[in-house]
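Being a predicted model, the structure only gives us computed values, none of them experimental. In listed order, ligands and their atoms are each counted from 1.
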Amino acid sequence: MKQKRSQWASNLGFILAAAGSAVGLGNIWKFPGKVGANGGGAFILIYIIIVAVIGFPVMLAELAIGRGTQKNMVGAFRTLDKRWTFAGKIGIVTLFVIMSYYCVVGGWVLKYILVYITGAHFGGGTTQYQDYFVNFISDWAEPLAWDLLFLILCIYIVIKGVSQGIERVSKALMPCLFLLLIGIAIRSATLPGAKEGLKFMFTIEPADFNRDTFVAALGQAFFSLSVGMGILITYGSYVPRTENLVKSSAWICILDTLVAFLAAFAIIPAVFVTLGQEGLGMGGGFAFMVLPRVFASLPGGVVFGAVFFILLFFAALTSAISILESCVAYLEEEFGLHRFKAAVGLGAGMSILSAGYSLSQDPGRKINLPWFHFSSGIQMLPMNSVMEKFTDDLMIPLGALVFCIFTGWIWGSKNAAAEIEAGMETRFTLKSVWTFVIRFLAPGAIGVILYFTLWKGQGLS
Ligand code: PFF
């Protein structure tokens with residue numbers, strides 16, 4: 001029944017595909033917002049340390065599980081130890097929720113492409129770009145329509161099979177996104193008044209080394225690297241045993257972190273220029289509120305805007321497809337469901353959650369739609385923050401914790417290290433450090449952070 005698993009054609013192909021999954025809205029829409037909300041320099045420093053010391057080793061562990069078993073994330077755990085099948089299921093639940101809000105933001109990106117292409121006017125006044133965005137997401141119908149369009153696009157591509165096309169296109173476009181971001185970052189950092197923003201990014205306040213910052217940095221690092229959700233188990237299952245997983249993981253971590261930093265450089269100085277420091281309290285969405293202002297200050301800014309949002313759309317699409325594909329592959333392989341049914345069924349479920357996220361963008365919203373008058377004035381749950389916190393602060397760290405314990409203690413760090421070493425020409429020189437991290441340091445650190453999140457009301461409150 002089981003088909004022979006396909007393999008990546010080349011090492012570079014694998015690194016770019018994994019980087020394509022990693023580089024997405026998390027880098028451009030989420031990262032600068034989290035830097036802003038969590039004290040700037042301190043968050044950035046903690047983020048780098050977490051990527052290097054925890055994210056990178058956990059990524060290696062996931063890839064080793066995938067390559068060792070050649071299975072989807074649930075099948076992989078079942079193969080190694082039946083009692084741990086739940087570990088893969090944690091990943092599926094997390095991905096389902098992430099996909100629901102990913103599509104909403106993907107829809108916003110589509111809308112902005114249209115705005116730039118049609119040359120629609122953002123309005124007047126000093127806060128025109130911000131007002132435009134806030135008005136747009138506070139409406140109920142339009143964002144919902146864009147959200148559904150983005151989701152339908154993903155479903156369509158996944159049903160067709162992740163074609164050579166999308167992978168090839170993203171390979172060509174990712175370097176463009178990178179170059180464009182460098183250009184925008186230089187422009188943003190040289191705007192008059194940008195110094196304040198740069199200072200914010202490089203000033204490390206001791207008071208910001210608190211639990212909230214650690215919780216936020218850990219969740220963001222894992223989300224951004226696509227770690228702790230089983231995606232890399234699936235991707236690892238397509239990697240041939242001749243490949244050096246250590247080198248590949250290092251590249252994926254470096255590329256992903258570079259894009260996140262470039263996005264912060266592109267956005268944070270511009271936030272200070274346009275909205276002032278208080279602007280940082282506005283949460284994510286900076287890309288939509290402040291970058292249009294940066295584009296407007298450039299000659300040919302409309303073209304820049306259109307190109308930027310088109311590239312962002314591709315970055316979002318490649319990540320979203322990897323999420324939906326992993327869930328579909330699970331239903332297909334584990335339940336024998338037809339690809340079409342699996343994708344449409346999952347999409348239908350995701351669209352319901354997605355609608356909740358989209359409708360909750362206006363905190364004062366009452367359920368009072370034209371066709372659904374509920375004039376008692378019940379407020380929608382602030383689902384936007386609940387869903388993001390549920391995945392970033394709880395489910396992703398939980399998944400990563402379970403993966404570490406499994407690799408370090410159940411499958412065994414020796415077996416995992418042997419799998420990692422299989423594709424290396426030299427010895428795995430970091431083996432003892434990696435073993436220590438996977439068995440003790442990573443589970444300990446993630447466990448402590450989860451403890452504070454769950455029992456001390458940090459993060460999820
Ligand atoms: N890493 C992606 C981003 O930063 O946007 C998001 C993502 C992709 C999360 C794939 C989860 C995943 F499985």
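For ligand 1, the atoms sitting less than 4.0 Å from at least one non-hydrogen atom of Asn27 are 4 (O), numbered in the order shown with element in parentheses. Taking every non-hydrogen atom of Ser224 and a distance limit under 4.0 Å, the qualifying atoms of ligand 1 come out as 1 (N), 4 (O). Atoms of ligand 1 found under 4.0 Å from any heavy atom of Ser322, numbered from 1 in the order shown, are 10 (C). Of all atoms in ligand 1, numbered sequentially from 1 with element shown, those under 4.0 Å from a heavy atom of Leu25 are 5 (O).
Nearest to atom 2 (C) of ligand 1 by heavy atom, out of Gly20, Ser326, Ser21, is Ser21.
A pairwise comparison of heavy atoms in Ile137 and Pro143 identifies CA-CG, 4.0 Å as the closest pair.
On a distance-only criterion, Ile231 and ligand 1 share no N/O pair closer than 3.5 Å. When only interatomic distances are considered, the shortest N/O to N/O separation between Asp256 and ligand 1 does not fall below 3.5 Å.
Under the 6.0 Å cut-off for aromatic ring centres, Tyr238 and Phe14 do not qualify, their centroids lying 6.0 Å or more apart. Checked against the 6.0 Å centroid threshold, Phe286 and Trp29 do not count as a close aromatic pair. Phe406 and Phe86 have their aromatic ring centers separated by at least 6.0 angstrom.
Under the salt bridge (Lys or Arg N to Asp or Glu O under 4.0 Å) rule, Arg67 has a single partner from Glu419, Glu243, Glu62, which is Glu419.
The protein heavy-atom contact nearest to atom 11 (C) of ligand 1 is Met229 SD, 3.3 Å. For atom 7 (C) of ligand 1, the nearest non-hydrogen atom of the protein is Ser226 OG, 3.7 Å. Counting only heavy atoms of the protein, atom 4 (O) of ligand 1 lies nearest to Ala22 O, 2.9 Å.
Not a single donor-acceptor pair under 3.5 Å links the side chain of Ser224 to the backbone N or O of Ala221.
Residue contacts with ligand 1 for Phe223 involve both N, CA, C or O and side-chain atoms from C-beta outward (heavy atoms, distance under 4.0 Å).
For the residue pair Asp393 / Thr453, no side-chain donor-acceptor distance below 3.5 Å is found, with atom types taken as modelled. Side-chain contact annotation: Ser21 with Ser322, donor-acceptor N/O pair under 3.5 Å present.
Ligand 1 has Tyr102 within reach: a non-hydrogen atom of the residue lies less than 4.0 Å from it.
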